[in-house]
Every structure is written in structure tokens, then in C-alpha cells.
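For this chain, numbers begin at 1 and follow the sequence in order. In each ligand, atom 1 is the first atom listed, and ligand 1 is the first ligand listed.
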Amino acid sequence: MKIAILASEGAPYIKSGGLGDVMEALPAALSRIEGNEVALILPYYKKILDNPAFETELVAQFHVALGWRQQYTGVHKLKNRTDGVQVYFLDNLYYFGGREGAPYGHGDDGERYAYFAKACLDALVSIDFIPDVIQCNDWQTALVPVFLKSQYYPFFPNTRCMFTIHNIEYQGWADSDFFDDVLGLPWTYRERLDMDGAVNMMKGAIECADLVTTVSESYAKELMLPYYAHGLSSVLAGNAGKLTGITNGIDVNTFNPETDAALPAHYNAETFTEGKAACKAALQKEVGLPVRADAPLMVMVTRLAGHKGLDLLCHIARRLLWEEDCQLLILGTGESHYENFFRSLQQEFPQKVAAKITFDLKLASRIYAGGDIYLMPSKSEPCGLSQMNAMRYGTVPVVHATGGLRDTVPPVDEDGQGGLGFTFQSYNADDFLGALKRCLNLYNNKKDSFRTLQKIDMQQDFSWDKPAARYMALFQKMLKG
Ligand code: GLC
């Protein structure tokens with residue numbers, strides 16, 4: 001099967017969050033399946049352009065019509081990808097290559113990604129890669145199914161399109177003028193993109209795609225509820241027949257405690273007791289915490305954003321640190337009030353708290369390895385990947401039972417049995433504290449049971465093999481439909 005995957009980020013080229021991880025592992029997993037030919041298209045951001053590791057050749061050039069604009073596009077093919085995935089970067093200096101900083105957050109993001117969506121379709125035509133299936137991701141590529149249905153149908157008469165929601169919070173809103181000025185779509189499409197008089201690109205994708213997926217089974221159900229769907233619940237309910245949840249995997253080669261080059265010691269499910277002890281001591285030293293094997297080290301690698309459940313942690317942090325002999329280590333950047341909270345918590349409890357307000361993938365690996373307990377109290381979580389990374393490295397998760405966290409961390413009892421981690425059902429700080437205390441109790445007082453749980457966590461199959469097979473089954477279904 002010929003598959004084109006379109007996205008606004010993909011590791012190792014460019015990554016700002018979980019989408020970047022998925023766009024590294026999913027194309028690779030699909031291309032391992034016999035008979036598949038996979039192309040991945042990403043914007044040619046400055047960060048990629050400037051990186052000498054990513055050598056490319058120019059394979060096509062054309063102009064994209066965007067309303068009254070004609071925008072240049074260069075299609076650059078990556079030379080040194082070894083696993084068979086064909087990677088293309090779309091070059092336009094004005095929208096991507098000439099801008100410093102993060103991929104998103106520019107005033108004209110709507111126009112930038114409208115351009116990208118259309119340029120992807122033009123690129124497929126010009127490199128003569130007419131796929132059976134296009135899989136596109138989040139609002140940045142939400143216009144692909146819209147353009148495909150409205151204007152590109154003659155070039156892709158048999159191509160089917162899947163739209164995948166990784167994060168419904170960002171939907172690609174624009175003024176109603178945007179419809180004529182930038183999109184230049186036929187008026188018959190106005191209603192499909194309309195939300196309260198404005199343009200909502202994600203709505204357009206849900207209406208126009210052949211199938212819609214999201215990144216866990218539970219989140220697919222939650223999206224029917226206004227609480228989770230950020231205004232799109234009725235649109236999704238109206239398209240419920242199209243919606244499926246496929247829980248992500250993680251890249252088990254990148255995240256492998258036996259080979260991860262960032263770690264000071266290596267281990268597997270048989271040797272983790274010594275291996276993790278060495279990683280923990282080195283980590284405590286690195287982040288300036290007292291090197292203590294006996295103190296449970298609670299860790300978190302996260303964007304410091306509201307929906308990650310940080311308000312719960314802020315609420316209970318002082319009480320937890322007064323009552324328990326434990327250590328807390330946070331790595332991440334984000335909203336300044338959280339950054340400041342954790343910085344001042346570190347000042348208040350220098351023996352117990354380390355706050356690393358930065359983005360550091362290697363330190364993240366060392367934290368997954370050196371931690372004992374991984375905290376993820378997210379208010380909502382489409383899938384979440386770091387709880388799986390943590391388990392793969394033998395760090396026991398404590399999570400809010402929502403979305404992908406519910407699907408990947410079945411609950412254990414007081415003795416650490418019957419599941420993979422500690423969970424709490426309703427989103428409140430007392431319940432979070434309760435789950436944490438149950439976990440700390442297991443760590444402190446039932447050491448063998450805690451070790452058994454670590455081992456079971458490490459033995460789980462979080463690879464992309466099963467999710468990739470599920471994507472294939474849905475691709476087949478679209479092609480038959
Ligand atoms: C988004 C979601 C996260 C998910 C990731 C990859 O970042 O917030 O839950 O794991 O996408 O699908």
C-alpha cells in the first residue's frame with residue numbers, strides 16, 4: 001500500500017511534543033510492513049535547514065495558489081534515511097525556513113499551515129507519489145481532506161484520507177475572511193468549516209475525512225463529551241461512525257534502557273535492580289539532590305501546561321513534602337506561574353526538590369531511568385507517551401485515569417497487584433495524594449512487591465507493532481468503502 005503521512009513535526013528532525021514522537025515511530029512501523037511504501041512530508045523549518053545532519057536534494061519546485069497568492073515551494077528529499085521511509089521537506093522561506101524559534105505560535109499560523117496542507121497535495125502530484133491513503137495529523141494538516149475533496153479530487157481519484165486527532169485543544173481557528181482570502185474554496189464548503197461564524201479547520205477535517213482517529217480508545221469515547229471536546233463534541237457525535245481510537249505505542253528502540261546512550265548504566269527487566277540504582281544515584285548527583293538510595297524519587301517530565309494536572313500537584317506539594325521522606329524532580333518548561341512555583345518549591349525544600357526548567361531530551365531519559373515513581377495527573381490526556389517511557393524504564397506510574405492514561409495504566413491494588421500503576425478516578429488533589437501515598441507505601445514498606453511491579457511494567461509490549469496493524473486495518477477499510 002502507498003501511504004503518505006503529513007504532519008507539522010516529526011522527530012528526529014523537529015519535535016515540540018508527543019506528535020513529533022509519533023511521527024518518528026508510526027511511519028517507520030508502517031514501512032516495516034511488507035508491501036508498504038511510506039512517504040512522510042514535513043515543513044522545511046529553519047532548524048532542519050540549518051542542521052548539517054539532514055542532507056537533502058531538491059526534487060521538485062512549483063507555486064501554490066493560496067487565494068490571490070502564489071507561493072513558491074521546493075520539495076527537498078532527505079538523502080540519508082535508512083529505514084525505507086521517504087522523507088520530504090517543503091521549502092518556503094517566508095512561511096518556514098526564514099523564521100527563528102518554535103514551529104508554532106506565529107501570528108499567521110493559520111495561513112502558514114493552510115499553505116502547507118495545499119503544498120503537500122501539490123508535492124505528491126509533482127513527485128508522482130499518488131498514495132492509496134493519506135494520513136494527516138492535528139489542525140496543522142486539517143485542511144488536507146478539505147482540499148482533497150473540494151479541489152484535488154481529479155489528481156487523487158482513488159486516494160482515501162484519514163485525519164488523526166492528537167490534541168483537540170488546538171483547532172485552527174480563523175476569521176471568516178480567511179475562507180475567501182486564503183483558502184479560496186468553493187462556497188459549498190463554507191458550512192463544513194463554519195463554527196460560530198468563524199473558520200474552524202479541525203471541524204472541516206472531521207467533516208471531510210473518510211475516517212477520523214484519535215490516539216487512545218478511551219479518549220475516542222471522551223471526545224463525545226463537551227468536557228473534553230473543546231466545542232467539537234457535537235461535530236464528533238455527528239461523525240461518530242467515522243471515529244476510532246488507536247492507542248499509540250512508543251519507539252522501543254529509542255526508549256530502551258539496555259542501549260540508551262544518555263544513561264550512565266544499562267539494564268533490562270532482569271538486571272534493573274542494580275542498573276536503576278546506579279542511574280538513580282547519578283541522577284540525584286546531576287540535579288543536586290542528596291544521593292540517597294532509600295528515599296523514593298518521584299519524577300515528572302512534562303510541558304508545564306494546565307491540562308497536565310499541575311494544579312493538583314501544586315495543591316498537595318507542600319503537604320506531601322512535609323509528611324513524606326521523599327524527593328521530587330520536575331523537568332519541563334511552560335506557563336510561567338508553574339515555572340515559578342517549582343523554582344520556589346526547590347528553594348523552600350532544597351534537600352527534597354529539584355526543578356529543571358528546561359527542555360532536555362537526554363536528561364529526560366536519565367529521569368525515566370533514575371526515577372522510582374512517575375507522576376502524570378493530567379486533567380485530560382489523549383494518549384500520553386511518557387507514562388509508557390517511564391514503565392519501559394521500570395518507573396512506576398501514578399496517573400489520573402483519563403484518556404490514554406486509563407488505557408495504558410490499568411490500576412493495581414494496595415499490594416501493587418493486578419495492573420501496571422496507581423490511578424485515581426476523579427480529578428481532585430486529595431485523590432491524587434491518596435494514590436501517591438499508596439504508591440509510596442508500597443515503595444517504603446513492601447519492597448519486593450514494588451520490585452515485582454517494576455519488572456511487570458518493564459515487560460510490557462509498548463511497541464508500535466500492534467497500533468500499526470490497527471492503522472493498516474483502518475486503511476483497508478477506507479479503501480473498501
Ligand atoms: C499530544 C497529546 C498526547 C499524545 C501525543 C501523541 O501531544 O497531548 O496525549 O500522546 O499527542 O499522540
Side-chain angles (χ1 to χ4, degrees), residues 5-11 14-30 40 42 102-105 135-142 162-172 202 205 212-223 227-230 232 243-252 254-255 300-310 332-335 359 361 364 368 374-392 397 399-409 427 462-464 466-468 470-471 474:
I5 299 180
L6 317 180
S8 55
E9 59 178 274
I14 179 97
K15 164 174 151 177
S16 79
L19 173 63
D21 290 305
V22 173
M23 289 300 115
E24 178 173 29
L26 174 62
L30 289 170
L40 169 68
L42 302 168
Y104 323 120
Q135 190 269 343
C136 47
N137 299 280
D138 273 352
W139 80 266
Q140 295 91 338
T141 51
M162 171 188 283
F163 178 66
T164 300
I165 300 170
H166 299 260
N167 192 340
I168 203 161
E169 231 177 301
Y170 306 102
Q171 301 174 356
M202 194 178 265
V212 178
T213 65
T214 186
V215 289
S216 70
E217 285 86 355
S218 290
Y219 195 63
K221 291 185 199 132
E222 289 169 354
L223 283 181
Y227 180 81
Y228 292 97
H230 292 265
L232 285 175
L243 181 68
T244 310
I246 301 179
T247 303
N248 288 328
I250 55 169
D251 190 324
V252 291
T254 308
F255 293 102
M300 217 170 163
V301 177
T302 183
R303 256 181 308 126
L304 297 176
H307 81 268
K308 293 293 178 187
L310 295 159
T333 58
E335 294 169 23
F359 183 84
L361 294 173
Y368 293 128
Y374 192 80
L375 311 185
M376 201 154 169
S378 308
K379 190 168 187 182
S380 66
E381 195 61 75
C383 178
L385 302 170
S386 49
Q387 79 279 12
M388 291 188 264
N389 297 341
M391 287 188 273
R392 174 128 173 95
V399 306
H400 177 215
T402 185
L405 295 173
R406 179 189 287 278
D407 296 341
T408 55
V409 188
Y427 186 74
F462 292 120
S463 78
W464 267 96
K466 282 183 206 147
R470 294 200 58 208
Y471 274 93
L474 288 185

From Ser216, Ser380, Gly18 - option closest to atom 7 (O) of ligand 1 by heavy atom:
Gly18

Return the orientation label for the Phe255 and Tyr368 ring planes: parallel under 30°, perpendicular over 60°, tilted otherwise.
perpendicular

Is the Tyr228 ring parallel, tilted or perpendicular to the Tyr219 ring (thresholds 30°, 60°)?
perpendicular

Any heavy atom of Asn248 under 4.0 Å from ligand 1? The part involved is side chain

Identify, by atom number and element, the atoms of ligand 1 in contact range of [X], meaning under 4.0 Å from any of its heavy atoms.
X      : result
Leu385 : 10 (O)
Val215 : 12 (O)
Glu381 : 3 (C), 8 (O), 9 (O)
Val22  : 6 (C), 12 (O)

Any donor-acceptor N/O pair, [X] side chain to [Y] backbone, under 3.5 Å:
X      : Y      : result
Arg470 : Gly245 : yes
Asn167 : Glu169 : yes
Glu9   : Gly17  : yes
Glu381 : Pro377 : no

For ligand 1, find out whether one of its N or O atoms is nearer than 3.5 Å to an N or O atom of Gly17.
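No, no N or O pair falls under 3.5 Å.
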
Side chain or backbone, does Arg303 bring an N or O within less than 3.5 Å of an N or O on ligand 1?
no

So does Lys221 have more than 12 non-hydrogen atoms from other groups sitting under 6.0 Å from NZ?
no

Provide, to 0.1 Å, the distance between atom 2 (C) of ligand 1 and the closest protein heavy atom, together with that atom's residue and name.
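Of the protein heavy atoms, His166 O, 3.2 Å lies nearest.
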
Report yes or no: does a heavy atom of Gly384 sit under 4.0 Å from some atom of ligand 1?
yes

